[in-house]
Amino acid sequence: MNAPSTSPKSVVGEPSIRTHALHALAYCERLFYLEEVEELRMADAAVFAGRRLHVQLQEEGERVELELASEALGLHGRVDAVRTREGTLVVYEHKRGRHAPGQDAPEAWPSDRLQAGAYALLVEERFPGAPVECRVRYHQTDTTVRFPLDTALRGAVAAAVARARLLRASRERPPVTQEERKCAKCSLAPVCLPEEERQVAGEARPRLFPEDDVRQVLHVATPGTRVGRAAEELVVTPPEGEGAPSRQPGRMVSALIAHGAVQVSAQALAYCVENDIGVHWFTSGGRYLGGLGGGGGNVHRRLRQFEALRQQDVCLGLARRLVAAKLDGQLRFLLRSSRGESESRQVLASAVRDLRALLPKCEEAPSLDVLLGLEGAGAARYFGALPYLQGDDVDTRLRFEGRNRRPPRDRFNAVLGFLYGLVHREVEAAIRAVGLDVAFGFYHQPRGTAGPLGLDVMELFRVPLADMPLVASVNRRAWDADADFEVTSEHVWLSKAGRAKAIELYERRKRETWKHNVLGYSLSYARLVELEVRLLEKEWTGKPGLFATFRLR
């Protein structure tokens, strides 16, 4: 009687599994799901080091890659090398790190054994009749671990393939691993946010979310400028007679923003999309039109978003927190900016008192319509008090006398609207990077071309990224009421010099760092935007409770 087969069985019509994905599966099922199902991949220093190792091996003639695939096994992959040793086919897998400690001799890590075993099964099928052996070379310790393709390893591969298929068919992310040490070495920790999930349970953890992105946002604001591509660089060519072209290494650019009549070539667009560089367009007046690239949405992430935000109680709960956070931010800004003059103190004290009275009502609001009313009442009190944050020596042409827009009719609102447009762009770029749909929100209703989810999350950042830096810059007399603005009888726009000044003010503010009041670690405002979007997604994919909990100092 033949022994039962321990080889994985193929499923008709189902795509095969990457052999390397089994390594991720053995390491952490959540890592496997994020990479193989949601198609999220991030390269950190360890990943780049591993790539350099394989390039070095190839240059030294030590690496002979072999592409293998099997319908019967349901696997495909590229083995590092296959060599013949005394009639035995030896499958080699190279690893950058150190081997696992064994009782009597060095051992291979379970994930490495599984990966090498899967490659060995593919080799066995490709070259039938010859015995197959596995070897894993650990370069940090200069150690080679040998092990046979035995029954136990065959069974482990079969079980892993079956588990991988189950996870791939599921629409639910696996939970965060219980082995916390693995998270510290995982390239996808900034996406998975395992420590932030554990923070919800009241456990203080080390920070894994990166503090800042070292890349720069490339703003192009001169009409007639052309943006092209040359090899791995973006080339910005100003209009004739306005300077020489400048070159920006693509690896150092996180987003390209075109203001007004700026041309971007098809080659530059393709390069940006391929390298996850967001491309965004503004009108010359500062209204955000939209963008592309900078990350893509996976159907699983969007389906979970749609299912969650179709539930009225979920939307109402998130909206309550959002409005409370916005009102609290406005309240704290008024408190920290109070001035000594008697009239100012009275107006600010009245506004603070009213905003404090609105906060508990947010927690009890029975509907989104009631929350909209509370938000509107708070905005009226906040903007009514905002002029009293300006110094007495501020140019009267730059004083704030009430909110107006579309078009702005005074200088302060011209800058404020422009900054709000930059915040909107920042938020929508983060939403796309996380893979959510900007068109499906929980608080704002669809209107115009602006995505409701972008408008939702944007409410958290109006005060820290626009209101606060603008008021401070006006009080510092950083604006020239003549040179920085174009004034007509019907509207006021920023001039070329004014746009450059507003962009610098915003980008400088983004780079400022502060300590998160709940998570306990420091990060820049730019990273905070992305973090908030990922914490929003946690509301339906992990442990909820951290979205919209940050507060200004």
- Message: Please check this pair: side chain of Lys501 against backbone of Trp479, looking for a donor-acceptor N/O pair closer than 3.5 Å.
- Response: no

- One should read off an interatomic distance between Glu532 CD and Leu546 CG, to the nearest 0.5 angstrom, of 8.5 Å

- Query: Can you check side chain to side chain contact (heavy atoms under 4.5 Å, CB included) on His76 and Arg18, steps first, answer last?
  - Reply: CA-CA 5 Å; His76 70 276; Arg18 289 192 317 133; 3.3 Å; yes

- Task: Heavy atoms only: give me the nearest Leu494-Arg499 pair and the separation to one decimal.
- Result: O-NH1, 3.5 Å

- Message: What I'd like to find out is whether the side chain of Arg509 reaches to under 4.5 Å of the side chain of Met468, using heavy atoms alone.
- Response: yes

- Could you pull out the closest heavy-atom pair between Tyr382 and Asp467, with the gap in Å? OH-OD2, 2.6 Å

- With Glu459, the side-chain contact (heavy atoms from CB on, under 4.5 Å) member among Val423, Leu327, Leu322: Leu322

- Any donor-acceptor pair under 3.5 Å from Ser495 side chain to Ala483 backbone: yes

- Message: How about CD on Glu512, more than 12 heavy atoms from neighbouring residues, nucleotides or ligands closer than 6.0 Å, or not?
- Response: yes

- Measure across Ala319 and Leu368 and return the closest heavy-atom pair with its distance rounded to 0.1 Å. CB-CD2, 3.5 Å

- More than 12 heavy atoms of other groups within 6.0 Å of Arg251 CZ: no

- Are Leu455 and His424 close enough that some pair of their side-chain heavy atoms sits under 4.5 Å apart? yes

- Item | Aromatic centroids of Phe550 and Phe461 separated by under 6.0 Å | yes

- Item | Evaluation steps, side chain to side chain donor-acceptor pair (under 3.5 Å), between Glu426 and Tyr525 | CA-CA 10 Å; Glu426 197 80 38; Tyr525 282 105; over 6 Å; no

- Message: Before you tell me yes or no, could you show the steps for Val415 and Phe485 under side chain to side chain contact (heavy atoms under 4.5 Å, CB included), namely the whole-Å CA-CA distance, both residues' side-chain angles and the distance that decides it to 0.1 Å?
- Response: CA-CA 9 Å; Val415 186; Phe485 301 91; 3.6 Å; yes

- Message: Quick check for you: to the nearest 0.5 Å, what is the distance between Arg173 atom CZ and Arg30 atom CZ?
- Response: 5.5 Å

- Might you point out which heavy atoms bring Ala221 and Pro223 nearest each other, and give the distance in Å? O-CD, 3.4 Å

- Query: Is a side-chain donor or acceptor of Asp456 paired with a backbone partner of Tyr443 at a separation under 3.5 angstrom?
  - Reply: yes

- Check for a donor-acceptor pair, side chain of Asp410 on one end and backbone N or O of Arg399 on the other, with a separation under 3.5 Å. no

- Message: Give me the atom names and distance for the closest heavy-atom approach of Leu31 to Leu188.
- Response: CD1-CD1, 3.6 Å

- Any chance you could measure Arg534, atom CZ, to Leu436, atom CG, to the nearest 0.5 Å? 9.0 Å

- Any donor-acceptor N/O pair, Gln390 side chain to Leu398 backbone, under 3.5 Å: yes

- Flag the pair Glu428 and Arg432 as a salt bridge only when some basic side-chain nitrogen lies within less than 4.0 angstrom of an acidic carboxylate oxygen. yes

- Item | Parallel, tilted or perpendicular, as decided by the 30° and 60° cut-offs, for the rings of Phe412 and Phe400 | tilted

- Is atom CZ of Arg397 surrounded by more than 12 heavy atoms (other residues, nucleotides or ligands) closer than 6.0 Å? yes

- Query: Quick one: ring-ring contact (aromatic ring centres under 6.0 Å, His included) partners of His259, sequence neighbours excluded?
  - Reply: His219, Phe282, Phe418

- Pair Glu507 + Lys510, salt bridge at N-O below 4.0 Å: yes

- Here the pair of heavy atoms bringing Ala255 nearest to His280 is CB-CD2, 4.4 Å

- Message: Taking the side chain as everything from C-beta on, heavy atoms only, tell me whether Leu318 gets closer than 4.5 Å to Leu309.
- Response: yes

- Query: Is there a side chain to side chain contact (heavy atoms under 4.5 Å, CB included) between Leu453 and Phe442 once you walk through the steps?
  - Reply: CA-CA 7 Å; Leu453 188 61; Phe442 57 87; 4.1 Å; yes

- Side-chain contact, heavy-atom cut-off 4.5 Å: Val434 with Leu536? no

Indicate every side-chain donor-acceptor pair of residues 231-239 with a distance under 3.5 Å to a residue at least two apart or in another chain.
| residue | atom | partner | partner atom | Å |
| --- | --- | --- | --- | --- |
| Glu232 | OE1 | Tyr271 | OH | 3.4 |
| Glu233 | OE1 | Arg247 | NH1 | 3.1 |

- At what distance, to the nearest 0.5 angstrom, does OG1 of Thr541 lie from CD of Gln305? 11.0 Å

- Message: Closer than 3.5 angstrom, by distance alone: can the side chain of Arg168 be matched with the main-chain N or O of Pro15 as a donor-acceptor pair?
- Response: yes

- Item | Any donor-acceptor pair under 3.5 Å from Arg332 side chain to Leu552 backbone | yes

- Item | Presence of salt bridge, Asp484 and Arg411, under 4.0 angstrom | no

- Backbone of Arg462 reached by a side-chain donor or acceptor of Lys326 within 3.5 Å: no

- Does a side-chain heavy-atom distance below 4.5 Å link Met458 with Tyr420? yes

- Query: How about His516 and Thr549: do any of their side-chain heavy atoms sit closer than 4.5 Å?
  - Reply: yes

- Test item: Asn413 side-chain N/O and Gly402 main-chain N/O as donor-acceptor pair under 3.5 Å: yes

- Message: Could you measure the distance from the CG atom of Leu505 to the CG atom of Leu465? Nearest 0.5 Å is fine.
- Response: 10.5 Å

- Supply the atom-to-atom distance Leu348 CG to Leu386 CG, rounded to the nearest 0.5 angstrom. 9.5 Å

- Query: Going by the angle between their ring planes, with limits at 30° and 60°, are Trp493 and His491 parallel, tilted or perpendicular?
  - Reply: tilted

- Can you check whether Trp540's main-chain N or O pairs, donor with acceptor, with Arg304's side chain at less than 3.5 Å? no

